[in-house]
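So that the names make sense, note that chain A is the first sequence line, chain B the second, and so on, each numbered from 1.
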Number of protein chains: 2
Amino acid sequence: MFQIDAMSRTPMYEQIKEQLEKFILNGTIAPGEQIPSVRSLSLQLSINPNTILKAYSELDTQGIIYSVPGKGYFVCENALDIVSAAKYDKLDELSAVLADMALAGIPKEEILQRVNKAYTKHDR
Amino acid sequence: MFQIDAMSRTPMYEQIKEQLEKFILNGTIAPGEQIPSVRSLSLQLSINPNTILKAYSELDTQGIIYSVPGKGYFVCENALDIVSAAKYDKLDELSAVLADMALAGIPKEEILQRVNKAYTKHDR
DNA sequence: TAACTGTTATATGTCTCATATAACACCTAT
DNA sequence: ATAGGTGTTATATGAGACATATAACAGTTA
């Protein structure tokens with residue numbers, strides 16, 4: 001399920017967060033469902049438990065998952081809304097990137113093609 | 001001219017690289033022109049010379065600027081092409097971001113608006 | 001010669017990321 | 001009640017990136 005690249009420039013705990021958020025968005029994990037325990041995911045990925053815990057703790061703080069001591073971690077009911085809202089917050093970053101690309105002379109058509117491609121993958 | 005945010009998560013030397021590339025793209029600095037010396041920029045920004053040198057060295061390796069010992073650093077003649085090409089390489093990243101936003105339910109119209117905005121700022 | 005320029009080198013400090021390890025408390029099924 | 005899973009907290013350690021401090025050497029130019 002999870003796949004971590006230890007050589008990546010983005011920290012492992014960030015990769016875990018991103019992947020879990022993606023699983024929530026695409027329905028791989030539903031609200032209320034339990035996610036892999038700190039120790040089991042630690043073993044599965046050959047990663048230190050503290051690294052998993054760091055990812056889970058931050059997701060907990062964001063209100064995306066919650067912990068039940070002795071039982072495990074579960075996806076919050078409103079997790080989808082929170083993750084979506086976080087993506088909205090990145091729109092300004094997107095605008096900055098687009099401005100850069102426009103300045104670099106990348107054709108608008110090239111961008112529009114990519115937008116269309118991204119938005120046709122779910123219309124079915 | 002240059003403005004560095006020491007508190008930013010992106011390293012100072014990266015910020016310098018990005019800003020210089022932007023200055024080249026928008027014509028603030030033309031090919032063949034001399035850029036601030038390592039020491040002068042170091043003083044101006046209150047940053048260690050080695051940090052400036054790291055940024056310049058990497059831009060040198062990329063073929064965007066070149067050094068003349070005893071004289072200074074200058075912008076390469078084909079700098080514009082190289083910087084543009086680098087932006088093209090980031091198109092796949094853009095596609096990934098767009099896919100994320102589509103998955104998060106951000107309306108396509110919202111994206112298209114931003115694309116249009118980015119591409120109308122230079123059509124005059 | 002003086003005052004710039006790039007170049008190279010070493011040492012130091014700080015922070016983030018990740019690991020190693022341990023201990024404690026809670027829950028649940030046997 | 002015990003065993004084995006769970007979360008929780010804590011400390012120590014190591015590696016690497018980033019930035020600083022400092023120095024010395026060489027080339028260019030007025």
Among the nucleotides C:dT8, D:dT6, C:dG6, whichever has the atom closest to the side chain of A:S40 is D:dT6
Pair A:E14, B:R9 - check salt bridge (charged side-chain N to carboxylate O under 4.0 Å, His left out), show working.
CA-CA 14 Å; A:E14 288 276 8; B:R9 188 167 184 177; 3.6 Å; yes
Name the nucleic acid region contacted by A:Y73, choosing base, sugar-phosphate or nothing; use a 4.0 angstrom heavy-atom cut-off, strictly under.
sugar-phosphate
Counting side-chain heavy atoms from C-beta on, which of D:dA10, D:dA21, C:dT7 comes nearest to B:S67?
C:dT7
Which angle, to the nearest 10 degrees, lies between the helix axes at the two ends of the helix from C:dT1-D:dA30 to C:dT30-D:dA1, each defined by five pairs?
10°
Starting at CG of B:L53 and ending at C1' of C:dA9, how long is that distance when rounded to a whole Å?
12 Å
Base, sugar-phosphate or nothing for A:Y13? Non-hydrogen atoms, less than 4.0 Å.
sugar-phosphate
Sorted by position of nearest nucleotide on DNA chain C, 5' first, the leading residue of A:P69 and A:Q15 is A:Q15
To the nearest Å, give me how far apart OH (B:Y66) and C1' (D:dG27) are.
16 Å
Distance in angstrom units between B:L41 CG and D:dA19 P, rounded:
13 Å
After noting the C-alpha distance and the side-chain angles of A:L91 and B:M101, does the key distance pass the side chain to side chain contact (heavy atoms under 4.5 Å, CB included) rule?
CA-CA 9 Å; A:L91 276 172; B:M101 292 188 162; 3.9 Å; yes
CZ of A:F74 versus P of C:dC27: gap in Å, rounded?
12 Å
Does NZ in B:K22 sit with more than 12 non-hydrogen atoms of other residues, nucleotides or ligands closer than 6.0 Å?
no
B:R114 vs B:E110, test: salt bridge (charged side-chain N to carboxylate O under 4.0 Å, His left out). Steps then yes/no.
CA-CA 7 Å; B:R114 308 230 171 202; B:E110 177 69 44; 3.1 Å; yes
Can you name the nearest heavy-atom pair linking B:P31 to B:L80, along with the distance?
CG-CD1, 4.4 Å
Spatial distance of atom CE (B:M12) from atom CD1 (B:I4) [nearest 0.5 Å]
7.5 Å
A:S37 side chain near D:dT6 phosphate (N/O to OP1/OP2, under 4.0 Å):
yes
Give the rounded distance in Å between these two atoms: CG of B:L43 and P of D:dT20.
12 Å
Answer yes or no: side-chain N or O of A:R39 and base N or O of D:dG5 forming a donor-acceptor pair under 3.5 Å.
no
Could you tell me how far apart B:N50 (CG) and D:dT22 (C1') are, to the nearest whole angstrom?
9 Å
Check every strand shown and say whether A:I47 touches a base, only sugar-phosphate, or nothing at a heavy-atom separation below 4.0 Å.
sugar-phosphate
Phosphate contact (C:dC17 OP1 or OP2) by A:K54 side-chain N/O below 4.0 Å:
yes
Whole-Å distance, A:I52 CD1 to D:dT8 P, equals 14 Å
Would you kindly check whether a donor in the side chain of B:N48 faces an acceptor in the base of D:dA21, or vice versa, at under 3.5 angstrom?
yes
To the nearest Å, how far apart are B:Q34 CD and D:dT29 P?
11 Å
Using side-chain heavy atoms (C-beta onward) and a distance below 4.5 Å, is B:L45 in contact with B:T51?
no
Out of curiosity, does A:F74 fall in the hydrophobic cluster containing A:L41 (side-chain heavy atoms, cut-off under 4.5 Å, transitive links)?
no
Report yes if a side-chain nitrogen or oxygen of A:T51 is closer than 4.0 Å to either non-bridging phosphate oxygen (OP1 or OP2) of C:dC17; otherwise report no.
no
Nearest-nucleotide 5' precedence on DNA chain D, A:P36 against B:P49:
A:P36
Choosing from C:dG6, D:dC18, C:dT8, which nucleotide comes nearest the side chain of A:R9?
D:dC18
Closest approach to the side chain of B:K71, judged atom by atom: which nucleotide of D:dA19, D:dT28, C:dT28 is it?
D:dT28
